Amino acid sequence: MIFVMDVDGTICFNGRSIERCLLNEIERIGKKHELIFASARPIRDLVPVVKEFENNILIGGDGSIVSNNKELSVIKSIPENDFKKIKSLIHENELEYIIDGSFDYSAKVSPNNKIFRQLYPDRLAKNRKIEEIVDPIKIILINLRGNMFEYIKKHLEKHEDFLSIIYHKSENNIDITAKNINKYSTLRKIINTDSYIAYGNDINDYELLKHAEKAYFVGGNKKSNPFASVEVINSDFRAVTDSLKSY
C-alpha cells in the first residue's frame, strides 16, 4: 500500500520535528509500505523535518516540486506575466511574501509569523532579492488583514486561468502555484492509478483526501470535515500514532 502524508499539522505539530513515538510508527509503516510525503513546504524546508526519509519521494510546494532519492524535479513554474503582476501587487501594497524558486527563495516575513519558523530550518538556501527569482514555483502572500485580503483576491481572480490559488482567509494568507498544480495532481504523475491512504489537515489537502482509498482528516471535526467517508482524527501526535498502529 502507498501512504501519502501531509506534514505540518498532520505529523508535525511544532513546525520543526516529529514526536518520537509517531516517528517510530511512520518508520515501521515505511518498512512494509511505500511512504510519500506531500507538503506545502518547499523541499529545502521539508527535508529537515523528515530527514529520516529524505530518500523517499517528497512532494513539496503544494505539488510544484518533487524530490526522489534526493533528485529535484520542478513540475511547473508560475508563468512570467502572472509573476510580474504579483510582484507589482507586492511592491505597490508593501506586502509580506515568500517566493520559492527551485531551491533559493525571496522572503519578507515578520519573525512573529508562524511561517517564519518553517523557513530554511537548516540554513540550506539563500534569501535572494525578489528580482533574482526567475522561475518561481510557489508564492505565499502573507498577513493580508482587513480589506487587503479581498483587494488582493479581486486582482488575483483575473489570473485564475493561469494559476492555482488557495485563499486561506482564516490565516490571512494566499498560496499561489501554476495552473492545475496541487499535491494530488503531482501524486498522480508519480503513482498513476494506484490506490493510496492519505493523511492531511488543510484545504490544500482537499483533492488528496478526496481521491484516497482511505483518508484521515487530522485536526478537524464533523462540521469541518468535507467528506463523509473521511475519518476525523484529533490534532494530536498520539491520535495519529494510534491511527497508524491499525496498519
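Nothing here was measured: the structure is a model prediction, and the numbers come from that model. By convention here, the first residue in the shown sequence is residue 1.
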Student: Checking E150 now: which residues fulfil salt bridge (charged side-chain N to carboxylate O under 4.0 Å, His left out) with it, not counting sequence neighbours?
Tutor: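 Listed in chain order: K169.
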Student: Check the side chains of R20 and N24 for a donor-acceptor pair under 3.5 angstrom, ignoring hydrogens and angles.
Tutor: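 Checked: N24/R20 side chains pair up, N/O donor to acceptor below 3.5 Å.
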Student: Hey, does the side chain of S67 reach the backbone of L58 with a donor-acceptor pair shorter than 3.5 angstrom?
Tutor: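 Checking the backbone N and O of L58 against the side chain of S67, no donor-acceptor pair under 3.5 Å is found.
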Student: How long is the gap from CG on N127 to CG on D104, to the nearest 0.5 Å?
Tutor: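 Rounded to the nearest 0.5 Å, the CG-CG separation comes out at 9.0 Å.
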Student: Is any side-chain heavy atom of I174 less than 4.5 Å from a side-chain heavy atom of F149?
Tutor: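 Answer yes - side chains close enough.
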Student: Should we count OH of Y247 as having more than 12 external heavy atoms under 6.0 Å?
Tutor: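 Counting neighbours around OH of Y247, more than 12 heavy atoms of other residues, nucleotides or ligands fall under 6.0 Å, so yes.
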Student: Check L156, D175, N173 against L141 for a side-chain contact (heavy atoms from CB on, under 4.5 Å) and give me the one that passes.
Tutor: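 Answer after filtering L156, D175, N173: L156.
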Student: Might you point out which heavy atoms bring I75 and I65 nearest each other, and give the distance in Å?
Tutor: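 Result for this residue pair: CG1-N, 4.1 Å.
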Student: Could you go through residues 81-91 and list every donor-acceptor pair under 3.5 Å that involves a side-chain atom there, pairing it with any protein atom two or more places apart or in another chain?
Tutor:
from : atom 1 : to   : atom 2 : distance (Å)
D82  : OD1    : H159 : ND1    : 2.7
S88  : OG     : K84  : O      : 3.1

Student: Tell me whether R41 contacts the main-chain N or O of D8 through its side chain, where contact means a donor paired with an acceptor under 3.5 Å.
Tutor: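 Judged by distance alone, no pair lies under 3.5 Å.
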Student: Answer yes if V50 and M5 sit in the same cluster of Ile, Leu, Val, Met, Phe, Trp and Tyr residues linked by side chain heavy atoms under 4.5 Å apart, and no otherwise.
Tutor: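 They do share one cluster, since a chain of ILVMFWY contacts under 4.5 Å joins V50 to M5.
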Student: If you measure only the distance, is there a donor-acceptor pair under 3.5 Å linking the side chains of E96 and N143?
Tutor: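 Looking only at side-chain atoms, N143 and E96 do form a donor-acceptor pair, the distance falling under 3.5 Å.
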Student: With a 4.5 Å cut-off on side-chain heavy-atom distances among I, L, V, M, F, W and Y, is there a chain of contacts connecting I139 to I181?
Tutor: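 No, because I139 and I181 fall into different hydrophobic clusters, even though each may have its own neighbours under 4.5 Å.
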Student: Which atom pair, heavy atoms only, marks the closest approach of L95 to I152?
Tutor: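 In terms of heavy atoms, the two residues are closest at CD1-CD1, 3.8 Å.
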Student: Would you say the side-chain atoms of S39 pair up with the backbone N or O of G60, donor to acceptor, closer than 3.5 Å?
Tutor: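 Judged by distance alone, no pair lies under 3.5 Å.
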Student: State whether E157 and K153 are salt-bridged, where the test is any N-O pair (Lys NZ or Arg NE/NH1/NH2 against Asp/Glu carboxylate O) under 4.0 Å.
Tutor: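 A salt bridge is present here (some side-chain N lies under 4.0 Å from a carboxylate O).
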Student: For D100 and I137, indicate whether the former's side chain and the latter's backbone hold a donor-acceptor pair under 3.5 Å.
Tutor: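 Pair absent, no side-chain N/O of D100 close to backbone of I137.
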Student: Step by step, work out the side-chain contact (heavy atoms from CB on, under 4.5 Å) result for I166 and Y206.
Tutor: CA-CA 11 Å; I166 299 176; Y206 182 94; over 6 Å; no
Student: With hydrophobic residues grouped by side-chain heavy-atom distances under 4.5 Å, do I176 and I130 end up in a single group?
Tutor: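 Yes, same cluster.
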Student: If you compare all heavy atoms of A107 against all heavy atoms of I98, which two are closest, and at what distance to 0.1 Å?
Tutor: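 What the structure gives for the nearest pair is CB-CG1, 4.1 Å.
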Student: Would you find more than 12 non-hydrogen atoms of other residues, nucleotides or ligands less than 6.0 Å from E131 atom CD?
Tutor: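 Result for CD/E131: enclosed.
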Student: Using a strict threshold of under 4.0 Å (side-chain N to carboxylate O), is an ion pair present between E25 and K245?
Tutor: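 A salt bridge is absent here (no side-chain N lies under 4.0 Å from a carboxylate O).
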Student: Measure the OG-CD1 distance between S185 and I59 for me, rounded to the nearest 0.5 Å.
Tutor: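 Spacing of OG (S185) from CD1 (I59) equals 8.5 Å.
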Student: Evaluate the side-chain proximity of T10 to Y216: yes if any heavy-atom separation is below 4.5 Å, no if none is.
Tutor: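 Side chain of Y216 against side chain of T10, heavy atoms only: no contact under 4.5 Å found.
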Student: Are any non-hydrogen side-chain atoms of D202 and H168 less than 4.5 angstrom apart?
Tutor: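 Contact flag for D202/H168 side chains = yes.
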Student: Quick check: does any side chain N or O of R16 sit under 3.5 Å from a backbone N or O of N14, one acting as donor and the other as acceptor?
Tutor: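 Yes, because the side chain of R16 sits within donor-acceptor range (under 3.5 Å) of the backbone of N14.
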Student: Taking the side chain as every heavy atom from C-beta outward, state whether K31 and R28 have any pair of such atoms under 4.5 Å apart.
Tutor: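 Result no, sub-4.5 Å side-chain heavy-atom pair not found.
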Student: What about I190 and V74, same hydrophobic cluster or not, with Ile/Leu/Val/Met/Phe/Trp/Tyr joined at side-chain heavy-atom distances under 4.5 Å?
Tutor: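 Per the 4.5 Å side-chain linkage, I190 and V74 are not co-clustered.
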Student: Looking at every heavy atom in both E160 and Y167, which two are closest together, and how far apart are they?
Tutor: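 Minimum heavy-atom contact is OE2-OH, 2.9 Å.
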Student: Using the rule that Ile, Leu, Val, Met, Phe, Trp and Tyr join whenever any side-chain heavy atoms are under 4.5 Å apart, tell me whether V240 and V7 fall into a single cluster.
Tutor: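 Both belong to a single hydrophobic cluster.
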Student: Restricting to non-hydrogen atoms, name the atom on S77 and the atom on A178 that form the minimum distance, rounded to 0.1 Å.
Tutor: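 Residues S77 and A178, closest heavy atoms: O-CB, 3.4 Å.
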Student: Angle class for the F53/F37 ring planes (parallel below 30°, perpendicular above 60°, tilted otherwise)?
Tutor: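 Plane angle between 30° and 60°, so tilted.
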Student: Report the C-alpha separation of L187 and V4 in whole Å, then their side-chain angles, then the decisive distance to 0.1 Å, and conclude whether the side-chain contact (heavy atoms from CB on, under 4.5 Å) test is met.
Tutor: CA-CA 9 Å; L187 177 68; V4 185; 3.9 Å; yes
Student: So which atom in I11 and which in I18 form the shortest heavy-atom distance, rounded to 0.1 Å?
Tutor: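 Heavy-atom minimum between the residues: O-CG2, 3.5 Å.
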Student: Would you find more than 12 non-hydrogen atoms of other residues, nucleotides or ligands less than 6.0 Å from N147 atom CG?
Tutor: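 No, not enclosed.
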Student: Quick check: does any side chain N or O of S106 sit under 3.5 Å from a backbone N or O of R128, one acting as donor and the other as acceptor?
Tutor: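 Checked: pair present.
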Student: Under the ring pair (Phe, Tyr, Trp, His ring centres under 6.0 Å) test, which residues partner Y184, sequence neighbours left out?
Tutor: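 For Y184, the residues satisfying ring pair (Phe, Tyr, Trp, His ring centres under 6.0 Å) (neighbours in sequence not counted) are H211.
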Student: Hey, is D205 close enough to K183 for a salt bridge, meaning N to O under 4.0 Å?
Tutor: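 Between K183 and D205 there is a salt bridge, with a charged N closer than 4.0 Å to a carboxylate O.
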